Every structure is written in C-alpha cells, then in structure tokens.
Amino acid sequence: MTDDRLQADRLESLAKEIEAFVRGPGEAYAEEIERTGAVPPGLWDDLRQRGYLRLAAPEAYGGQGVPFSRYLELLELISMSHASLRMIVHVCNGIWRAIDQFATPGQREAFVKPQISGDIRVAFTLTEPNAGSGADIRSSVTREGDTYYLSGDKHLITFGVHCDYWLLFARLAGTTGRDGTVALMVERRAPGVTVEDMPETMGVRGTDHARLHFERTPVPVANRLGEEGQGLEVALGGFLTPSRISVAMTCVGLARRAQELAVDHARVRETFGKPLVARQAIAFSLAENATDIEAARQLTLHAARRWEAGDPESSTLSSMSKLNAVDMLTRVTDKALQVHGGIGYWQPNPIERVYRDARAQRFEEGTNEIQKAVISRQFLAPGR
Ligand SMILES: Cc1cc2nc3c(=O)[nH]c(=O)nc-3n(C[C@H](O)[C@H](O)[C@H](O)COP(=O)(O)OP(=O)(O)OC[C@H]3O[C@@H](n4cnc5c(N)ncnc54)[C@H](O)[C@@H]3O)c2cc1C
C-alpha cells in the first residue's frame, strides 16, 4: 500500500472514531456541562488521551501531523459537539503556531512541545477592556535588567482562569501603535496578578473566561517571543490565517448539527395531518440550509488549500471564509430553530444550545466588520 493510501485510511478511521465520540461521550459531556455550568476536568484529560489536542501539530513536535486541510475535516466533526468541547480542540490545535513562529530552540522545548502534548495550557491574551478590535494595546511593561514589569488589564480571555501561561500582548511603556509591542509567556502563578472568572456567557457555557489585572507583575525577558516591536506580529501574523480558516470550519460543523436537528424534527413533527418535511416551504428552507453549508465548506477548504500552498492571497481568503461562514451559521441556526417551533426555544432542547453557542463565533478571530476591513483593504489597495 502506498504512503498516501495509508494516510487516507488512517484519516478515514480517525474521522469515524471522532464522529462516534461526538455522538456518544461528547453528547454526555454536553449534557453535563449544560447541567453544571462547568467543563469537567476529565474532558481535557479524555481529549488529550485520545490525541485530539495534537491532531494538527507536526510529528517532529509530538503532534499527529494531520495536514491542515484534512485536520479541518476532523474539526468540522468536533464542532458538531458542545462549543466548549470544540473550543478546547480548536485552541489547543492552533495556539502552538503563534508561540512557535519566533520561538528559540529553548522556548520551543519549554512552551511549544509541552503545549502540544497537553502538559501546559496556554491562553491567548490580547483583548483589553479598552482595546478589542483596534488591538491598540494599553497593557505595558518596563524593563529592569532581565525582567519586565507588567501592568494593565485584559478581559474575555478564554481558559484565562485555568491555564499555566498567558500568551500575553503588551507594549513597552511610552510606545504607540505597533511599535514597541511585545509577546510574553506570563506564568499563571506570577505575583501581582488578580484573576477573576467571567462565567455568565450566553453560549460556550462551562468554558472559563478571565478578567485579569496586572500590577508590576515580573516576567523574565527570556519569556519574550520574538523581538521588542514584534508583539503584534506574533498575535496577528502567520498564526491568524489558519486560525480564521479553522473558526470558519467550526461554523460549518455547528451549522451541520443544526441542520441535522432540524431535519430530524421535521420528519417526525406533524401539523395539519402531515409531517413538516412534506411541506414544500419547510423542505425548501432545509434545502437552502444544505446549500449554504456546502458553499461555506468549499470556500473554507479552498482558503485552507491556498494557505497550505503558501499563497499570500490566503490571508484575504481566510477573512472571506470566516465572514461567509459566520453569516451562514446565523442563517442556518435561525431557520433550524424556526423549524422546531416554540419548543425549540426551551431548554434542554439541543437546538436551543446550538443557537446560543453559534453567536460566539462572530467574535472569534475578528468580528465581521474587521473581516470586511481586511477584505476591502486588499482590493482597494493602490495599484490593484
Ligand atoms: C466567547 C468569546 C471568547 C473570546 N476569547 C478571547 C480570547 O481568548 N482572547 C482574547 O484576547 N480575546 C477573546 N475574546 C474577545 C474578542 O476577540 C473580542 O470580543 C473581539 O475582538 C471584538 O473586540 P471588542 O469586544 O472589544 O469589541 P469592540 O472593538 O468594542 O467593537 C464593538 C463593535 O464595533 C465593531 N467595530 C469596531 N471597530 C470598528 C470599525 N473600525 N469599523 C466598523 N466596526 C467596528 C466591532 O466589529 C464590534 O461589532 C473573546 C470573545 C468572545 C465573545
């Protein structure tokens, strides 16, 4: 058997295994999370032991080495599950890229490989109460010898409560814009930090999100990734394109789940003596959903393949795929909830959770407005 055939067989059996997990234990985890409002610690261990947290990382780093566009097919299946479960898998399979871009060999051993193996958890820590879309970071550091002293605030940070490191973006005190930004691996146990949980989210229930306040928190200069001035490059550089494409695929997966629930419901629910699926209006609505989902999947996979091929246009394509996929998800979940009738608005109907979970994706890796700004910049650039 050729290597390609072996690889294809391996991925096919991995996909089957993941689908069985999502529909079996994954659903049990979803019910537990919704009931308790917390992600059971066993879920992280389970996902880690199954190897799902290191699917996309290279084998040389201890990952499973699944090519990016094939990984997306697996992420699509994972995203049919509870948003907290897909958040763990999505973040762990991607954040190593941000750390790795500028890592020294020592930093690769200390941070990248342990993150991939699941020995350490890293939270991406960019957003501030007064700086979100603009990325106009206000948290600042002053350097004294081999130590930076960090002061400032962050909020909405996924896994920011229960992590080992914050991959945190700040600036040298007194600088503005991109100049003077730094990317730092800040230890969760460092002194001078106040950590507050922000548990009352609409969807993605159970995932911890942190509000952080730093007051002269010491961070070794050795924990800086890249040079001074490269902080925003770590945050928004080579990492962002695959991450946006990944979020687009999580929309496809969740939309697929919404459509499945709508079809199942429409088959069994009868009104005026006939099942809903027998009504053309309902069947057409489901047909629109199916078309919408497939179109988003294909644009997402196209963006992924262009990125794999090293095409510089893949950055714009990543924004297009994300913008298109979140809008698709909004339309699909809305129609899927409508097909359920009033009972779909009540807990614990699965469509109710899917509808709530879907809303978060519009903020991840940049809002629609930011994607539109990126896309329009590309075709409005002088000389095009
Ligand atoms: C569930 C969830 C998890 C998150 N996890 C993380 C995390 O792990 N790490 C992290 O750093 N952040 C995280 N965030 C924060 C997220 O990245 C921000 O919410 C997002 O970047 C938007 O920033 P903001 O909330 O400050 O909105 P703002 O920047 O205040 O924007 C408000 C609205 O105005 C629009 N807008 C802003 N500027 C413009 C403009 N120039 N033109 C037109 N419209 C504009 C925006 O699109 C938005 O709709 C998370 C958010 C959510 C909801």
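The figures that follow rest on heavy atoms only: side chains count, while hydrogens, waters and symmetry mates do not. Keep in mind that this is a model prediction, so the values were computed, not measured.
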Does [X] have more than 12 heavy atoms from other residues, nucleotides or ligands lying within 6.0 Å of its [atom1]?
X	atom1	result
Q338	CD	no
R356	CZ	yes
R267	CZ	no
E270	CD	yes

Does [X] reach the side chain of [Y], with side-chain heavy atoms less than 4.5 Å apart?
X	Y	answer
M87	F159	yes
I137	L126	yes
Q230	E233	yes
Y149	V141	no

Original post:
Should W44 and Y29 be regarded as members of a common hydrophobic cluster, given that ILVMFWY residues are connected when their side-chain heavy atoms come within less than 4.5 Å of each other, either directly or indirectly?
Top reply: yes
Original post:
Does L55 share a hydrophobic cluster with V91, counting links as ILVMFWY side-chain heavy atoms below 4.5 Å and allowing steps through other members?
Top reply: yes
Subject >> Among D100, L184, L167, T104, side-chain contact (heavy atoms from CB on, under 4.5 Å) partner for L225 >> reply: L167
Original post:
Are the aromatic rings of F214 and W166 close, with centres under 6.0 Å apart?
Top reply: yes
Original post:
Is the distance between the ring centroids of Y355 and Y345 less than 6.0 Å?
Top reply: no
Subject >> Contacts of type side chain to side chain contact (heavy atoms under 4.5 Å, CB included), residue R48, not counting sequence neighbours >> reply: L53, D119
**OP:** Without swapping roles, check the side chain of E128 against the backbone of S139 for a donor-acceptor pair under 3.5 Å.
**Re:** yes
**OP:** Given ring-ring contact (aromatic ring centres under 6.0 Å, His included), test F124 with Y165 step by step and report yes or no.
**Re:** CA-CA 9 Å; F124 187 87; Y165 286 91; over 10 Å; no
